[in-house]
Number of protein chains: 2
Amino acid sequence: MSRVLIIGAGGVGNVVVKKCAQHPEVFTELWVASRTVSKCEAIAAEVDKLYGVKVQTAAVDADSVPELVALLNKVKPVLVINVALPYQDLTIMDACLECGINYLDTANYEPEDTAHFEYSWQWAYQDRFKEKGLMAVLGCGFDPGVTNIFCAWAQKHLYSSIETIDILDCNAGDHGHPFATNFNPEINIREVTQVVRHWQDGEWIETPPIMSDECVHFTFDYPVAGPRESYLLYHEEMESLVKHINGLKRIRFWMTFGQPYLTHLKVLENVGMTRIDEVEFEGQKIVPIRFLKALLPDPGSLGSNYTGKAVIGCVFKGEKDGKELHKYIYNVCDHAECYKEVQAQAVSYTTGVPAMIGAMMMLKGIWKGEGVFNVEQLDPDVFMDELNKNGLPWQVVDFEGKLPE
Amino acid sequence: MSRVLIIGAGGVGNVVVKKCAQHPEVFTELWVASRTVSKCEAIAAEVDKLYGVKVQTAAVDADSVPELVALLNKVKPVLVINVALPYQDLTIMDACLECGINYLDTANYEPEDTAHFEYSWQWAYQDRFKEKGLMAVLGCGFDPGVTNIFCAWAQKHLYSSIETIDILDCNAGDHGHPFATNFNPEINIREVTQVVRHWQDGEWIETPPIMSDECVHFTFDYPVAGPRESYLLYHEEMESLVKHINGLKRIRFWMTFGQPYLTHLKVLENVGMTRIDEVEFEGQKIVPIRFLKALLPDPGSLGSNYTGKAVIGCVFKGEKDGKELHKYIYNVCDHAECYKEVQAQAVSYTTGVPAMIGAMMMLKGIWKGEGVFNVEQLDPDVFMDELNKNGLPWQVVDFEGKLPE
């Protein structure tokens with residue numbers, strides 16, 4: 001019997017619960033918990049209607065280790081899938097350790113008061129998970145997650161050595177709002193306003209943030225979506241990939257942004273609405289970016305009118321049997337089709353499906369180990385097959401385009 | 001003895017107090033009061049240093065009639081100059097009526113919860129001021145204020161009948177911030193986001209607001225400042241001018257905006273930051289535009305680095321002795337010179353100086369009457385002379401440019 005507890009009932013939580021419910025032979029009992037239990041109940045009602053699967057629900061404040069421990073001791077799952085806020089990764093890991101439960105998440109921990117995406121906090125749990133004989137799988141969404149697995153698969157099957165990786169993330173969708181973020185605005189805006197870094201010849205190179213006139217960008221011709229302006233951005237999977245892909249000389253991450261999105265972001269930064277520190281207002285302390293989040297459309301609500309494609313993949317340059325080889329592995333995901341299947345847009349879908357597959361790998365014992373793992377450290381083969389079977393088909397092609405030097 | 005109480009210690013309050021202090025023979029005793037008494041004390045300290053004039057200070061909540069009445073009974077001024085928030089016009093008028101004190105303001109009343117600029121609320125005080133033998137002078141800043149007086153003066157001296165008036169307000173200044181408003185952001189943003197109206201052939205014509213792609217604008221070649229894109233806007237002085245300028249067929253108001261200002265405004269509106277209703281946030285009720293105000297630069301702080309000119313005036317078309325006549329009366333005001341004189345930018349300066357002159361007209365008995373008056377109902381001649389003597393020199397020229405039909 002495999003009882004799994006999903007923590008988080010936002011856009012991604014909705015996808016994870018529904019995709020797990022599609023595999024009742026693997027996920028024999030499902031729980032979903034979040035601060036707002038009504039959101040869990042709404043998902044459970046839909047799952048019952050769609051698949052005839054009963055999902056149990058609970059309220060939990062994921063900032064509180066004692067509350068989490070009480071819930072874990074009550075539910076006794078074999079695995080926690082954490083799709084709550086990245087601020088809450090450590091409290092949930094602490095509770096899993098205390099209760100002897102395996103762990104999987106989709107985004108690395110960051111502290112609330114600094115925009116600082118780093119694995120160091122979670123890697124520091126390595127010995128504790130090892131000692132308890134537990135497995136923690138970090139960053140098992142799309143990027144990080146599937147992009148790391150594309151790298152692991154390319155290293156295993158295509159290359160004798162990989163020299164450069166360019167991860168390219170294109171959302172060519174249209175949600176019909178003048179400005180909205182595809183996932184939690186607070187996390188999204190922190191991510192895209194930070195100083196950009198990429199890795200080259202053993203060190204991190206800093207370049208200006210994407211709202212700066214001096215930022216690095218170029219036009220990439222995406223499959224299906226066509227040519228799109230793509231901006232150099234720091235993204236967390238690079239931090240683990242530089243450790244785990246042998247011989248790597250350079251890794252970069254690119255994301256597409258439309259000019260209106262950048263204009264909105266720049267204005268919001270100019271007026272101070274992206275600030276993450278507290279501002280005195282009418283005798284209260286308010287964090288501007290949180291108030292902005294309260295005004296913006298709920299990312300979970302974007303799905304119903306979302307059209308267009310998300311195209312995410314990796315371009316590799318490397319060598320096989322003494323020959324230079326350029327390959328591109330990618331997935332194309334359609335917003336409207338995602339909504340039809342699980343009432344979510346593609347950004348939630350591409351994050352939630354890999355979390356379900358990662359959990360399936362753990363429950364089936366295909367992924368096993370003691371300690372803390374990034375997904376590229378685990379065998380990619382079955383995971384890659386499951387992507388094709390669960391709505392995220394991928395392709396591998398010869399890459400004939402051009403990337404900036 | 002002429003004891004005057006100024007209520008409001010923002011950018012305009014600072015100018016009014018200093019300009020009054022330059023005429024100790026007229027303003028023999030000065031008081032300044034505001035919610036935050038430290039702002040009054042800072043102005044008083046500067047006035048002492050600049051002019052050796054002692055200004056007395058007090059704290060008052062101008063939303064509270066009892067607090068205002070207590071202050072007026074203590075200070076016993078002959079006149080209150082109200083440069084507080086437009087929401088507070090009625091409470092201050094109520095207190096003046098109760099205590100038998102004359103009244104002058106620079107901006108008409110608007111309720112807090114709807115963006116609605118109209119004189120009707122204040123005109124409704126006509127009988128009460130008359131019965132008490134008191135005088136209330138409304139809208140004695142630059143626009144409304146000086147622009148109305150330009151109209152009265154043109155009617156008295158230049159024209160037998162005025163057919164059209166175009167008021168043109170150009171701020172060609174640069175304050176060095178990506179986005180800031182020249183006066184209270186809450187009032188400023190309400191004003192510029194409202195539906196546009198102008199008056200033609202006896203009725204108000206509505207056109208789209210300035211952030212709309214369909215808004216009405218044209219390029220006007222301003223004296224000194226040069227050609228600037230000017231947008232049709234509703235402005236409060238039109239409401240009284242259509243009543244008081246005989247035979248008027250059309251009146252319009254135009255204001256210059258730069259593209260970056262409009263872009264910022266559009267984004268802030270898109271994300272909901274210009275909303276004036278309450279939003280639930282972390283268990284509190286927050287009015288977004290107020291929170292935005294807390295983030296933006298204090299308009300009073302813009303002066304020190306402000307450069308460039310403000311150019312405001314009226315273009316008239318009409319007839320004198322059977323001949324068609326086109327005249328333009330305007331003032332050019334330099335931001336940096338204003339700052340040098342009274343540590344304020346030109347927008348505060350052009351509002352504060354006319355308030356002082358209007359008060360001077362009342363104290364000298366040049367403007368007298370019982371009831372509520374708009375400034376174009378009073379004799380313009382001495383006021384026009386005082387503008388030249390007090391830092392706002394004006395010119396009248398033949399107008400040879402072109403205006404939209």
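These numbers were taken from a predicted model, which means no experiment stands behind them.
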Can you give me the closest heavy-atom contact between A:Leu268 and B:Leu268, atom names plus distance? CD2-CD2, 4.5 Å
Could you have a look at B:Pro178, B:Gly272, B:Ala180 and say which one has the most heavy-atom pairs with chain A under 4.5 angstrom? B:Pro178
Side chain, backbone, both or neither of B:Pro288 within contact of chain A (heavy atoms, under 4.5 Å): both
Which portion of B:Val279 sits near chain A, non-hydrogen atoms under 4.5 angstrom: side chain
Heavy-atom donor-acceptor pairs under 3.5 Å, chain B with chain A:
{"residue": "B:His264", "atom": "NE2", "partner": "A:Asn270", "partner atom": "ND2", "Å": "2.9"}
{"residue": "B:Asn270", "atom": "ND2", "partner": "A:His264", "partner atom": "NE2", "Å": "2.9"}

Are A:Ile286 and B:Phe291 side-chain neighbours, meaning at least one heavy-atom pair lies under 4.5 Å? yes
